[in-house]
Amino acid sequence: MEILTPHVYWAQRHGEIFLRVELSDAKNLEINLHEKTMQFRAQGHGAKGDNEYRFILEFLEAIRPEIEQKSTQRQVDIKIKKQEEHWWNRLTLQEKRPLFLAPDFNRWLDESDAEMELQAKEEERINKISVESRVRKDHYLGVKKGYLFMYNLVQFLGFSWIFVNMTVRLFILGQDSFYDTFHTTADMMYFCQMMAALEVINPLLGLVKTGVFPAMIQVAGRNVILFVIFGSLEEMQNRPVVFFVFYLWSTIEVFRYPFYMLACMGTEWKLLTWLRYSLWIPLYPLGVVAEAVALIQSLPIFDENRLFSLPLPAVLGHSLSFSYTLQLYLALMFLGLFINFRYLYKQRQRRYRSRKRKLH
């Protein structure tokens with residue numbers, strides 16, 4: 001019975017042999033390695049149709065009993081390691097090359113080219129080691145991640161409580177729930193917004209890589225609305241605008257904080273990532289509009305009760321109403337919206353560009 005041999009193409013490096021066997025849809029693949037020989041047998045479609053093909057190669061020098069193989073619809077790729085890393089003058093022990101064997105010009109390098117490739121890899125390895133040695137290990141990384149995880153967890157639980165409480169009351173009471181939102185959720189909102197001050201401190205300490213200024217704008221802006229507008233004016237606490245401000249704030253945060261929690265663990269949920277980087281686009285401007293409405297509604301109240309007014313000399317008048325300060329703040333609020341929106345949008349773009357690079 002005639003033994004059928006497939007076409008085999010080979011190339012080498014200082015430490016490896018590459019074989020490409022032209023056999024498509026290979027099945028029942030058997031490859032046996034000995035000290036200096038390799039036996040190959042497989043069923044597949046080769047030069048003489050769909051048959052069993054086999055061959056034996058006796059190498060010029062010893063090889064390791066390690067093999068890497070990969071079968072595709074078109075071929076079988078084999079990588080074998082040499083026992084000693086140096087250049088062989090030829091592949092087989094016999095000087096005359098077998099008829100089924102030919103050079104793989106797609107991978108072929110002469111000895112000088114292979115040495116340059118080897119030298120480049122060695123330089124790359126040395127550079128990598130050099131870079132890694134310059135990067136100081138952070139012995140407190142676990143503590144920092146633990147702290148950030150707990151902070152984001154506490155904030156998530158706090159804002160989730162506010163969000164669920166307001167949603168349930170809205171379904172049960174309808175519009176009547178608008179008028180007592182402050183009295184039912186203010187304590188938890190006070191706690192969460194006081195905790196939010198850490199979002200300005202964390203980047204200052206280098207715990208997170210977010211910008212300090214955008215975080216300061218958001219935290220300060222919310223605290224002005226919560227503590228100055230709602231907290232100090234009882235007349236504002238029963239108004240529907242409180243519901244809309246609190247609901248928009250909590251809706252944003254119930255997706256933002258779990259995203260950061262998972263980031264601390266090096267985990268990502270695609271749906272959560274999309275929600276974190278997409279929901280704020282409509283919700284953040286709506287939140288600022290709701291805050292502006294609350295601020296505008298408070299202006300006549302501050303004019304009437306003179307709370308936080310600045311005393312002036314008798315020649316200039318009795319006092320300067322705090323409402324003028326709020327009017328200036330109202331203009332700055334929309335400037336802050338532009339700055340923060342631009343920063344968050346750039347973050348979103350960087351995130352998706354980075355993901356595209358990984359996919360490609």
Side-chain angles (χ1 to χ4, degrees), residues 155-197 199 216-257 279-310 319-338 340-341:
Q155 290 289 71
F156 168 64
L157 293 175
F159 279 106
S160 295
W161 185 90
I162 295 169
F163 179 81
V164 172
N165 181 287
M166 294 177 67
T167 302
V168 171
R169 289 175 60 82
L170 179 63
F171 275 103
I172 295 173
L173 302 175
Q175 293 186 5
D176 291 339
S177 66
F178 292 175
Y179 303 100
D180 62 351
T181 298
F182 184 85
H183 300 290
T184 56
T185 60
D187 289 340
M188 183 61 72
M189 188 62 80
Y190 280 143
F191 172 77
C192 290
Q193 282 308 123
M194 286 189 289
M195 285 280 291
E199 295 186 21
M216 194 179 344
I217 291 175
Q218 179 170 319
V219 172
R222 285 189 179 183
N223 285 344
V224 167
I225 300 299
L226 178 61
F227 291 97
V228 178
I229 305 299
F230 296 153
S232 63
L233 299 177
E234 291 186 12
E235 297 91 331
M236 290 294 300
Q237 295 172 3
N238 296 323
R239 301 200 177 190
V241 70
V242 178
F243 174 88
F244 293 103
V245 170
F246 282 12
Y247 205 72
L248 288 166
W249 286 358
S250 59
T251 304
I252 293 172
E253 305 304 15
V254 293
F255 296 108
R256 187 167 72 100
Y257 285 115
L279 270 184
W280 65 268
I281 295 176
L283 294 182
Y284 183 62
L286 285 174
V288 173
V289 170
E291 293 171 22
V293 170
L295 194 149
I296 291 169
Q297 290 181 0
S298 72
L299 294 179
I301 302 173
F302 279 110
D303 284 336
E304 182 180 347
N305 62 22
R306 314 303 293 179
L307 185 65
F308 303 134
S309 294
L310 179 66
S319 61
L320 181 64
S321 175
F322 184 63
S323 65
Y324 294 114
T325 304
L326 292 180
Q327 290 174 44
L328 176 62
Y329 175 74
L330 182 62
L332 294 175
M333 181 187 293
F334 286 96
L335 177 62
L337 168 64
F338 172 76
N340 237 346
F341 194 91

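Worth knowing before you read on, the calculation uses all heavy atoms, side chains too, and leaves out hydrogens, waters and symmetry mates.
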Got a list of side-chain donor-acceptor pairs under 3.5 Å for residues 331-338, not counting sequence neighbours?
none

side-chain contact (heavy atoms from CB on, under 4.5 Å) assessment of L173 paired with F178: CA-CA 9 Å; L173 302 175; F178 292 175; over 6 Å; no
Do you know which two heavy atoms are closest between [X] and [Y], and how far apart they sit?
X: T167; Y: Y247; answer: OG1-OH, 2.8 Å
X: Y257; Y: Q155; answer: OH-NE2, 3.3 Å
X: M189; Y: L226; answer: O-CD2, 3.7 Å
X: F255; Y: T251; answer: CD1-O, 3.3 Å
X: V254; Y: F156; answer: O-CE1, 3.6 Å
X: L326; Y: L295; answer: O-CD2, 3.5 Å

Given side chains that start at C-beta, do those of [X] and [Y] come closer than 4.5 Å, heavy atoms only?
X: V245; Y: R222; answer: no
X: H183; Y: N238; answer: yes
X: N165; Y: M188; answer: no
X: F322; Y: V228; answer: yes

Distance check, rounded to the nearest 0.5 Å: [X] atom [atom1] versus [Y] atom [atom2]?
X: Q175; Y: L170; atom1: CD; atom2: CG; answer: 9.0 Å
X: R239; Y: I229; atom1: CZ; atom2: CD1; answer: 11.0 Å
X: R169; Y: D180; atom1: CZ; atom2: CG; answer: 4.0 Å

Set of residues satisfying salt bridge (Lys or Arg N to Asp or Glu O under 4.0 Å) with respect to R256, sequence neighbours excluded: E199, E253
Parallel, tilted or perpendicular: ring planes of F246 versus F182, cut at 30 and 60 degrees: tilted
Chi angles and distances behind the side-chain contact (heavy atoms from CB on, under 4.5 Å) call for T185, W161: CA-CA 9 Å; T185 60; W161 185 90; 4.2 Å; yes
Test of ring centre spacing under 6.0 Å for Y179 and F243: no
Residue pairs involving residues 285-304 (criterion side chain to side chain donor-acceptor pair (under 3.5 Å); sequence neighbours excluded):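 Non-adjacent pairs meeting side chain to side chain donor-acceptor pair (under 3.5 Å): W249-E291, D303-S321, D303-S323.
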Heavy atoms of other groups near F308 CZ, more than 12 under 6.0 Å: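 Result for CZ/F308: enclosed.
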